[in-house]
Amino acid sequence: MDSQIYGAHNLLSIAFLALLSITASALPANSAGQVNSNSVLVALLDSHYTELSELVEKALLLQTLEDAVTNHNISIFAPRNEALERDLDPEFKRFLLEPGNLKSLQNLLLFHMIPTRIQSSHWPVGPRKTPVLHSSLCRDAAAEMIPLHEKNGEKIVGTARVIKSDDIVRPDGVIHGIERLLVPKSVQHEFNSRRSLRATSAVIPEGAPEVDPRTHRLKKPAPAVPAGAPPVLPVYDALAPGPSLAPAPAPGPGGPHHHFDGESQVKDFIQTLLHYGGYNEMADILVNLTSLATEMGRLVSEGYVLTVLAPNDEAMAKLTTDQLSEPGAPEQIMYYHLIPEYQTEESMYNSVRRFGKVKYDTLRLPHKVVAEEADGSVKFGRGDTSAYLFDPDIYTDGRISVQGIDGVLFPLEETAAPKSAPLAKVVSKPRRGKLLELGCKMLGSVGQNHHFSTCH
């Protein structure tokens, strides 16, 4: 009894497997949306058309072609490797392989594929035979048809000669070998537009603005700059010359059309210094001892930005009378503490952490202030005249940044200059003594070698 049941179970299993195999064979080969191993797409990738297959993979067209062979047969006109490798214009090939031109590469390759099966037997034969027009898989070239005809006994597709018809035949398509590349008009137009200077968006070179060295103003009026844009005139030419040169010139290229209220911003940061405490001397120099506050307000009104390295009162008290008594000395000291950039404590610290030492331009040309990281802070200057960032971000409004430091900075050349004067005097003294000694020896030798006689 058990053996009969076991035998019946085996018969049912065999019948079920047979039914599954019959059903699977009755379904289409690619009903599940997958490409079979005998597909024309697989044959293309494994064929001797290596250049075309590599371009298909670079153009990310595998999924698109899988969908195409799933829905219908296709005919592929494959250019020979030499047509894509050596005969192709290098500039055009470079254009196709640029990442930004992926769409053009896809359109070029899809233009070589027709969504229908065309074998050599389907070709129109005879000189009087009307060319047969076919649309390609390239949607952007839908209006551009591909003609198939015969000329002098040779099969022609578009402008290319077929050198090997029915080269690869598969159930879902066929591949024909052609001698040259087929270029759709849309891709050719895109290439010509990129190569043409008229399609290149570039600024017409007009030369740098010319500055009159006598007046430090532009020789030609500059066009109005948009709000927030940097001024045309360099900040060094926009500076007012000192009292020994000439009166302060007229306002810069912005004229009365100021985008910023620099005077109010300078007043705000000076008031902030006074309320912050410990920077009264700095505020006094800017307002009373010099006219730098007015000049800074004018620069900010014209669109320039400034970073002020403000020494505290303890550092300013160390300045001697000789350092402040010379004409223009207070201005020169303050100019060395003004950086024509907008820097905060975070931006400066990140710079010195990343690059080690950073040189910042100052309004005292041509001197620069050196910054480096030291003890978790920013250190300015070198040697005895160095200063640390003591009170960061005392005032920051996007145009003016004030950073408190614990020392007064001087250019390195000024601190090293006085040491060279005594050396010149020490060298010159022994030389005069040696010359005098040599002269005495010569006179003594003359007196010994000559005898003078008197008349008797």
Side-chain angles (χ1 to χ4, degrees), residues 28-119 134-146 148 157-160 162 164 166-191 193-194:
N30 44 15
S31 61
Q34 297 179 352
V35 177
N36 294 329
S37 59
N38 63 341
S39 171
V40 67
L41 180 57
V42 177
L44 172 65
L45 298 179
D46 294 338
S47 67
H48 55 87
Y49 299 105
T50 55
E51 292 292 328
L52 179 62
S53 61
E54 288 180 5
L55 290 179
V56 168
E57 294 181 359
K58 289 181 180 179
L60 307 178
L61 285 177
L62 292 179
Q63 185 60 45
T64 303
L65 296 181
E66 286 181 10
D67 298 338
V69 297
T70 300
N71 297 328
H72 40 65
N73 278 219
I74 64 173
S75 298
I76 301 176
F77 300 99
R80 57 194 179 95
N81 291 333
E82 292 77 5
L84 295 174
E85 188 176 9
R86 293 197 300 265
D87 300 343
L88 192 61
D89 181 13
E91 188 176 354
F92 183 64
K93 187 174 183 179
R94 194 182 310 114
F95 162 79
L96 294 174
L97 297 180
E98 289 180 359
N101 301 328
L102 179 62
K103 188 64 176 177
S104 298
L105 178 60
Q106 292 177 343
N107 290 337
L108 177 74
L109 298 177
L110 292 177
F111 191 68
H112 292 74
M113 304 173 188
I114 295 176
T116 185
R117 188 183 187 90
I118 301 176
Q119 293 186 234
H134 292 275
S135 60
S136 65
L137 291 178
C138 179
R139 296 182 179 179
D140 293 345
E144 185 176 358
M145 309 296 286
I146 301 178
L148 304 180
V157 50
T159 58
V162 178
K164 199 167 186 180
D166 298 342
D167 190 9
I168 300 176
V169 180
R170 291 293 185 270
D172 56 356
V174 60
I175 299 178
H176 304 280
I178 58 177
E179 66 170 349
R180 55 180 298 183
L181 193 68
L182 302 177
V183 182
K185 294 180 180 179
S186 60
V187 176
Q188 186 67 46
H189 176 72
E190 183 70 19
F191 171 66
S193 299
R194 295 290 181 90

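The model shown is predicted, which means the values in this text are computed figures rather than measured ones. Any value given below was found using the heavy atoms of this structure, including those in side chains, with hydrogens, waters and symmetry copies removed.
Here the side chains of Ile74 and Asp172 are not in contact, with every heavy-atom distance at 4.5 Å or above. The shortest side-chain heavy-atom distance between Leu137 and Leu65 falls under the 4.5 Å cut-off. Using a 4.5 Å heavy-atom cutoff, the side chains of Val69 and Arg170 are not in contact. Val56 is listed as a side-chain neighbour of Leu62, based on a closest heavy-atom distance under 4.5 Å. In this structure, Glu57 and Glu54 have side chains that are not in contact, with every pair of non-hydrogen atoms separated by 4.5 Å or more. Proximity of His112 to Val157: side-chain heavy atoms (C-beta onward) are nowhere separated by under 4.5 Å. Side chains of Asp87 and Arg180 form no contact here, defined as non-hydrogen atoms less than 4.5 Å apart.
Remark: Lys185 NZ is loosely packed, at most 12 non-hydrogen atoms of other residues, nucleotides or ligands lying under 6.0 Å away.
The backbone N or O of Val174 sits nowhere less than 3.5 Å from a side-chain atom of Asp166 that would complete a donor-acceptor pair.
Note on residues 72-104: pairs passing ring-ring contact (aromatic ring centres under 6.0 Å, His included), not counting sequence neighbours, are Phe77-His176, Phe92-Phe191, Phe95-Phe191.
Note that the OG atom of Ser53 and the CG atom of Asn81 stand 8.0 Å from one another [nearest 0.5 Å]. Distance check: Asp167 CG to Arg80 CZ gives 14.0 Å after rounding to the nearest 0.5 Å. Annotation: the span from Ile114 atom CD1 to Ile146 atom CD1 amounts to 4.5 Å, rounded to 0.5 Å. Taking CG of Leu182 as the start and SG of Cys138 as the end, the distance is 11.5 Å to the nearest 0.5 Å. Distance OG/Ser136 to CE/Met145: 8.5 Å, rounded to 0.5 Å. Here CG of Leu61 is found 5.0 Å from CG of Leu110. Values are rounded to the nearest 0.5 Å.
Listed here is the closest heavy atom pair of Leu84 and Glu51: CD1-CB, 3.7 Å. In this structure, Asn73 and Gly173 approach most closely via the heavy-atom pair OD1-N, 3.7 Å. Across all their heavy atoms, Lys58 and Leu97 have their closest contact at CD-CD2, 4.4 Å. What you find for Ile76 and Met113 is that their closest heavy atoms are CG1-CG, 4.1 Å. Scanning all heavy atoms of the two residues, the minimum distance from Glu144 to Val183 falls at OE2-O, 4.4 Å. Smallest separation of non-hydrogen atoms from Glu190 and Ser104: CG-OG, 3.7 Å.
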- request: Tell me, with the steps shown, if Leu52 and Leu44 meet side-chain contact (heavy atoms from CB on, under 4.5 Å).
  value: CA-CA 8 Å; Leu52 179 62; Leu44 172 65; 3.9 Å; yes

- request: Go through the steps for Leu96 and Asn101 under the test side-chain contact (heavy atoms from CB on, under 4.5 Å), then give the verdict.
  value: CA-CA 6 Å; Leu96 294 174; Asn101 301 328; over 6 Å; no

task: Please step through side-chain contact (heavy atoms from CB on, under 4.5 Å) for the pair Phe111 and Asp140, ending with a clear verdict.
output: CA-CA 9 Å; Phe111 191 68; Asp140 293 345; over 6 Å; no

